[in-house]
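The sequence lines fix the lettering, A, B, ..., with proteins before strands; numbering per chain opens at 1.
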Amino acid sequence: ETGVTQTPRHLVMGMTNKKSLKCEQHLGHNAMYWYKQSAKKPLELMFVYNFKEQTENNSVPSRFSPECPNSSHLFLHLHTLQPEDSALYLCASSQAGHRGGYTFGSGTRLTVV
Amino acid sequence: QQQVKQSPQSLIVQKGGISIINCAYENTAFDYFPWYQQFPGKGPALLIAIRPDVSEKKEGRFTISFNKSAKQFSLHIMDSQPGDSATYFCAASQSAGGTSYGKLTFGQGTILTVHP
């Protein structure tokens with residue numbers, strides 16, 4: 001399988017639940033990103049990992065916890081979320097040291113009830 | 001200075017017409033300008049990109065026009081089709097060397113609707 005794969009595609013969780021989003025890329029890229037996309041809002045960068053090291057955290061609440069065990073996998077652990085966290089969560093990857101675009105996954109549609 | 005401003009927020013075009021989406025940036029260090037297309041339920045996909053050493057790039061019905069002095073670039077979709085209906089994002093980044101990554105700064109997005 002090629003490209004960036006995100007699972008699950010849809011997730012409904014209660015505010016007291018704990019769940020994880022998974023992202024996997026088979027492109028040999030070194031940088032991976034989490035974005036939040038809410039209705040009628042621009043793409044919001046959440047976290048950046050470069051060569052497995054977190055390089056950016058854009059003031060994201062601690063109820064979102066990223067994990068990058070290797071350059072091919074990225075997780076977003078969720079706990080005690082709020083209804084306003086409902087959104088499309090997108091993972092992307094890119095090649096470090098290379099002027100090029102990102103490859104995005106299809107996203108996880110998260111609904112917090 | 002890192003912002004990329006995109007307009008319009010939404011655009012309605014008749015089939016066969018020309019769709020034009022504009023973006024402006026401030027950071028003169030930006031040297032890579034891609035456009036992404038996003039269909040409902042999908043992630044954004046790279047559509048076309050330009051570097052500042054050229055003023056225009058064309059791929060099929062899609063053309064990027066780039067004005068370095070005005071710090072503006074635009075996407076033109078010729079002979080627009082209902083299948084082009086999607087959200088379009090412009091973006092910009094600086095060169096990445098060595099092990100660093102070129103972080104993209106995205107515009108706010110334009111929802112394009114092409115009526116049959």
Identify which part of Gln37(A) has an atom lying under 4.5 Å from any heavy atom of chain B, answering side chain, backbone, both or neither.
side chain
Among Asn30(A), Leu43(A), Leu45(A), which residue forms the greatest number of heavy-atom pairs with chain B at distances under 4.5 Å?
Leu43(A)
Salt bridge check: are Lys103(B) and Glu56(A) linked by an N-O gap of less than 4.0 Å?
yes
Between Arg63(A) and Asp85(A), is the closest basic N to carboxylate O distance under 4.0 Å?
yes
Which residue is it: His79(A), Lys18(A), Lys19(A)? I am looking for the one with a side-chain contact (heavy atoms from CB on, under 4.5 Å) to Met13(A).
Lys19(A)
Under 4.5 Å heavy-atom distance to chain A, tell me which part of Phe39(B) shows up: side chain, backbone, both or neither.
neither
Heavy-atom proximity to chain A below 4.5 Å, by part of Gln38(B)
side chain
Looking at chain A, which one of Pro34(B), Gly107(B), Gly41(B), Ala49(B) has the largest number of heavy-atom pairs inside 4.5 Å, strictly under?
Gly41(B)
Apply ring-ring contact (aromatic ring centres under 6.0 Å, His included) to Trp34(A) and list each qualifying residue two or more places apart in sequence or on a separate chain.
none
Set of residues satisfying side chain to side chain donor-acceptor pair (under 3.5 Å) with respect to Glu67(A), sequence neighbours excluded
His77(A)
